[in-house]
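Working notes for the structure below.
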Protein chains: 2
Amino acid sequence: MSSTTSSGPSSGQSLREISRDAVRARINEIALDLFAERGFDQVTVEQIAAAAGMSARTFHRYFPAKEDVVIGDPAHGGEFVRAVFAGRPADEPVWDSLHLSFEALVTRSPQKGGDDDRGKLSMRVLLSAASLRARSLEKHLLWARMLTPLVAERLPADDAALRAEIIVQSALACLDVALTTWANADDGTTASELLERSFATMRPQV
Amino acid sequence: MSSTTSSGPSSGQSLREISRDAVRARINEIALDLFAERGFDQVTVEQIAAAAGMSARTFHRYFPAKEDVVIGDPAHGGEFVRAVFAGRPADEPVWDSLHLSFEALVTRSPQKGGDDDRGKLSMRVLLSAASLRARSLEKHLLWARMLTPLVAERLPADDAALRAEIIVQSALACLDVALTTWANADDGTTASELLERSFATMRPQV
DNA sequence: GGCGCACTTGTCAGAGTCTGACACAAGTGG
DNA sequence: CCACTTGTGTCAGACTCTGACAAGTGCGCC
């Protein structure tokens, strides 16, 4: 599925993929506005599809589940964070490495095209429905599975696996809380600032 | 809902509630075995209901959602933990108080009637399906909302709200990781032991 | 140009979860 | 005996998600 389509285009994405991503982005935009206006549960897939000019079946070909419109591709952010973390020096305290990795994530965010408010809107919608929060936490679980081995490597052998899990989960909790309070804040507090304060609250015992 | 049914019986539960809980427990038992055998997604509500000798509609009168059979009532454990925590001395470090509260939770667990294995089975089923994990994390979110205010109270005023959230979330992460590894462990490692090690890994900065 | 090929989309049909409405049985208390 | 409450079954419906088939579109190749 992922590799050769006869003439594999070496430059990043194939034409099809570009178009696919564009449609995805459009659906996301439309759906987000509907959700923000009427609430996640009050909008049916059929309505989103209609607003985007497609059938409900086609919607599901772009997003396996309704929640995925808001959540996005779990692998994207996860891979990004993993890469940043992997690039940190091995003698840096893991907690700081994690902090920096998430910092990089929230900094690059000023989302694709839109303003910063777009990200906030997305986050607010995400927090408004229980099923969305749940799905989002599941995404973090995937991230945890990507990060934990790398963290474990840097820990003293003693109980490394368990401790790595704890540390990663706590770091994700920091990210979660920081973004949540950021989304609910009306003042200009930046996500980085909240992340900083969050990471300062806890510390792994070296 | 909770209070007077004409002649409010002062001794814990009304007769109706006892019967209701018994039916719930029975459904839970039957369903858990089916899940363990065939997998959560491969068992339909109708099949559970049939095995329990009732219609699917009746099943849903006991459990709003299929997942709830495994998850249980979120308020139960949460209220328990909240109560234990509230009883801890105010000068005890919050991290220790949280540890003790969760410790009390996992210790009282040797589930209602069954052996300890019953709890492990339940946990394993819970970990086997994504939708269950998600729902379970949501439950923890509710617990967090119950605990955070109490924790915030004990913190120095400076940034208490944010820090309380971080600490509670991290504590819940410890609980989660401890129970997860416990469920997957075949040796006789106790949950308390794992919880102990988990809580030892991180520390809030006082 | 005509031909297949890959990909996308729509329609149809179906399974599964969950909810509301109604009717019926059974136990309780006046 | 008559309400009243509660538990249950049946029926109908909304919604999400999936599989299968048919039709349309753009592309390279002969």
Side-chain angles (χ1 to χ4, degrees), chain A residues 1-11 13-27 30-31 34-35 38-71 129-132 134-135 138, chain B residues 1-9 13-27 30-31 34-35 38-71 129-132 134-135 138:
Chain A
M1 289 295 169
S2 54
S3 49
T4 54
T5 31
S6 61
S7 62
S10 51
S11 62
Q13 299 176 314
S14 75
L15 297 175
R16 303 236 184 240
E17 270 167 15
I18 292 177
S19 135
R20 225 186 136 67
D21 286 354
V23 176
R24 285 177 95 95
R26 175 155 172 67
I27 297 177
I30 293 174
L34 287 175
F35 291 154
R38 275 184 264 165
F40 183 77
D41 294 326
Q42 304 312 310
V43 180
T44 69
V45 168
E46 202 138 3
Q47 290 166 341
I48 303 171
M54 61 179 62
S55 75
R57 189 64 184 89
T58 298
F59 170 91
H60 275 115
R61 287 197 252 255
Y62 283 95
F63 297 98
K66 187 182 166 188
E67 284 88 0
D68 295 331
V69 187
V70 185
I71 305 295
S131 66
L132 281 173
R135 206 83 163 207
E138 239 192 291
Chain B
M1 287 296 169
S2 55
S3 50
T4 53
T5 30
S6 61
S7 63
Q13 299 177 311
S14 76
L15 297 175
R16 304 241 182 237
E17 270 167 16
I18 291 177
S19 136
R20 220 184 141 66
D21 285 353
V23 177
R24 284 176 93 96
R26 176 155 171 65
I27 297 177
I30 293 174
L34 287 176
F35 292 154
R38 273 184 266 165
F40 183 77
D41 294 326
Q42 305 311 310
V43 180
T44 70
V45 169
E46 203 139 359
Q47 290 166 341
I48 303 171
M54 61 179 62
S55 74
R57 189 64 184 88
T58 298
F59 169 91
H60 276 115
R61 286 196 252 255
Y62 284 94
F63 296 99
K66 186 183 167 188
E67 284 87 0
D68 295 331
V69 187
V70 185
I71 305 295
S131 66
L132 281 172
R135 206 82 163 206
E138 239 192 292

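Letters A, B, ... mirror the listed sequences (proteins, then strands); counts begin at 1.
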Exercise for the section: Search all heavy atoms of B:Lys66 against all heavy atoms of B:Asp41 and return the closest pair with its distance. Expected result: NZ-CA, 4.2 Å
Exercise for the section: Nearest-nucleotide wise, let me know which of B:Thr58 and B:Arg16 is further upstream toward the 5' end of DNA chain D. Expected result: B:Arg16
Practice task
Select base, sugar-phosphate, or nothing to describe what A:Arg61 touches, counting heavy atoms under 4.0 Å on all strands.
Solution key: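 Base contact.
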Problem - Contact check, side chains of A:Arg24 and A:Phe63, non-hydrogen atoms, under 4.5 Å - result: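 Yes, close enough: below the 4.5 Å cut-off.
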Handout entry: Beyond-backbone contact of A:Phe59 with A:Glu46, side-chain heavy atoms, under 4.5 angstrom
Key = no
Practice task
Apply side chain to side chain contact (heavy atoms under 4.5 Å, CB included) to the pair A:Met54 and A:Ile27, showing each step before the final yes or no.
Solution key: CA-CA 10 Å; A:Met54 61 179 62; A:Ile27 297 177; 3.7 Å; yes
Value in whole Å for how far the [atom2] atom of [N] lies from [atom1] of [X]:
| X | N | atom1 | atom2 | result |
| --- | --- | --- | --- | --- |
| A:Arg24 | C:dT9 | CZ | P | 12 Å |
| B:Glu17 | D:dT5 | CD | P | 17 Å |
| A:Ile18 | D:dG26 | CD1 | P | 17 Å |
| A:Ile48 | D:dC17 | CD1 | C1' | 14 Å |

Practice task
Scan nucleotides 15-20 of chain C nucleotide by nucleotide, 5' to 3', and note B when protein non-hydrogen atoms come under 4.0 Å of the base, S if they reach only the sugar-phosphate, - if neither.
Solution key: -SSBBB
Exercise for the section: Output yes when at least one side-chain N/O atom of B:Tyr62 is less than 4.0 Å from OP1 or OP2 of D:dG7, else no. Expected result: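 No, B:Tyr62 has no side-chain N/O under 4.0 Å of OP1/OP2 on D:dG7.
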